[in-house]
Amino acid sequence: LLGAQGRFNFESDPARIEFDGDASIDGLHTADRERQRDLIKWRSLALRDIRYRSIPSTLSIATVIADAPYVDLVINPDGRTNIASVLDARAAGAAGAAVRPVETAETSSKPALAVDIGRVDIRGGSANFVDLSIRPNFGTGIQTLSGTITGLSSRPDSRAKVALEGSVDKYAPVKIAGEVNYLAARAFTDLRANFRNMELTALNPYSGKFAGYRIERGKLSM
């Protein structure tokens, strides 16, 4: 369910588009048809105080509120992830040859969209991870993931601050903090993750494959 409210302005000479307002996408549910599993979904995604200008090409959003977001990440037996398979350009072009737009001097010199997102609030997020490339298969999940990402920007020197907390398999708390920059041309990541009281027996698929031993008991904090 897509909704928006605000002020929209269009001028034809020269062509100019402006929008000021709010938008929301509620009840999004995407699925991996090949594996018949949920892929990405959320209860609601709200964008507050949007300001878009086509000249110059800028987009600013004061706040993004993600309520109950979920992602399912699967490593297939061939080592590829399910998300990479879904986004594979070859799959989209299977029905016919891909058509590339002709680049002209006008399009090649067009400035990129400048994006600024003041704050992203994540509430009640969760994720599922399954590794089918090893036997037996490995799986775990992150629940109750909440926190903020502040200062996302396409500016090359920008750094967004990350502060997230959740739990692995319900009982092992995890904290993730640091700085990232994913909107700029050159990505930047500097994160610190703190895991406590993780059940080591869940890692038996990895310890068996890479070390040749099974874990009988133990906890891990790192």
Side-chain angles (χ1 to χ4, degrees), residues 2 4 19 22-26 28-30 32 38-54 56-76 79-92 107-108 110-131 140-168 174-195 222:
L2 172 65
F19 177 78
D22 301 331
S24 63
I25 305 173
D26 297 335
L28 180 76
H29 182 192
T30 67
D32 182 348
D38 292 340
L39 184 64
I40 296 173
K41 62 181 181 178
W42 58 68
R43 182 179 296 121
S44 67
L45 184 72
L47 287 70
R48 303 294 186 227
D49 295 330
I50 303 170
R51 187 177 188 274
Y52 172 75
R53 299 290 183 269
S54 62
S57 186
T58 59
L59 172 65
S60 66
I61 303 172
T63 307
V64 176
I65 303 173
D67 184 26
Y70 169 85
V71 60
D72 183 55
L73 179 61
V74 179
I75 299 179
N76 294 314
R80 287 173 53 83
T81 67
N82 58 334
I83 294 178
S85 299
V86 169
L87 299 180
D88 194 341
R90 290 173 297 179
T107 58
S108 61
K110 184 178 180 179
L113 177 67
V115 181
D116 286 284
I117 301 176
R119 178 185 177 98
V120 178
D121 285 340
I122 299 174
R123 304 173 180 177
S126 59
N128 186 60
F129 173 73
V130 177
D131 190 346
T140 189
I142 296 179
Q143 295 86 26
T144 63
L145 182 66
S146 299
T148 60
I149 304 173
T150 56
L152 283 168
S153 175
S154 60
R155 296 190 303 271
D157 59 344
S158 67
R159 297 289 185 265
K161 296 188 179 300
V162 177
L164 301 173
E165 293 188 12
S167 60
V168 176
V174 56
K175 293 183 179 181
I176 303 173
E179 296 181 334
V180 298
N181 183 358
Y182 294 146
L183 298 181
R186 184 182 295 272
F188 174 86
T189 302
D190 182 10
L191 293 175
R192 297 176 299 280
N194 187 336
F195 297 86
M222 67 178 182

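This chain uses plain numbering: 1 for the first residue, then up along the sequence.
If you take CD1 on I149 and CZ on R119, they are separated by 11.0 Å, rounding to the nearest 0.5 Å. Atom CZ of R53 is separated from atom CZ of F19 by 10.0 Å, given to the nearest 0.5 angstrom. For the atom pair CD1 of I65 and OG1 of T148, the computed distance is 12.0 Å after rounding to the nearest 0.5 Å. Here the CG-CG distance, from L39 to N128, works out to 11.5 Å after rounding to the nearest 0.5 Å. Rounding to the nearest 0.5 angstrom, the gap separating the CZ atom in R51 from the OG atom in S60 is 6.0 Å. Distance check: L59 CG to L183 CG gives 10.0 Å after rounding to the nearest 0.5 Å.
For N82 (side chain) and V74 (main-chain N/O), a donor-acceptor pair under 3.5 Å exists by modelled atom type. Under a 3.5 Å cut-off, the side chain of S158 and the backbone N or O of S153 do form a donor-acceptor pair.
Between S154 and L113 there is no side-chain heavy-atom pair separated by less than 4.5 Å. Within the 4.5 Å cutoff, the side chain of V64 has heavy atoms near those of the I117 side chain. Taking 4.5 Å as the limit, every side-chain heavy atom of L28 sits out of range of all side-chain heavy atoms of L45. Inter-residue side-chain proximity for Y182 and T189 is flagged as met; some heavy-atom pair is nearer than 4.5 Å.
Every pair passing salt bridge (charged side-chain N to carboxylate O under 4.0 Å, His left out) that includes a residue from residues 146-167 is listed here, sequence neighbours excluded: D116-R155, K161-E179.
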Applying side chain to side chain contact (heavy atoms under 4.5 Å, CB included) to L191 and V162, what does each step give before you reach the verdict? CA-CA 8 Å; L191 293 175; V162 177; 4.0 Å; yes

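A pairwise comparison of heavy atoms in V120 and L152 identifies CG2-CD1, 3.9 Å as the closest pair. Residues R48 and A23 come closest through the heavy atom pair NH1-O, 4.3 Å. A pairwise comparison of heavy atoms in S126 and Q143 identifies CB-CA, 4.3 Å as the closest pair.
Remark: V71 engages I40, I83, A127 in a side-chain contact (heavy atoms from CB on, under 4.5 Å) (not counting sequence neighbours). With sequence neighbours excluded, no residue forms a salt bridge (Lys or Arg N to Asp or Glu O under 4.0 Å) with D49.
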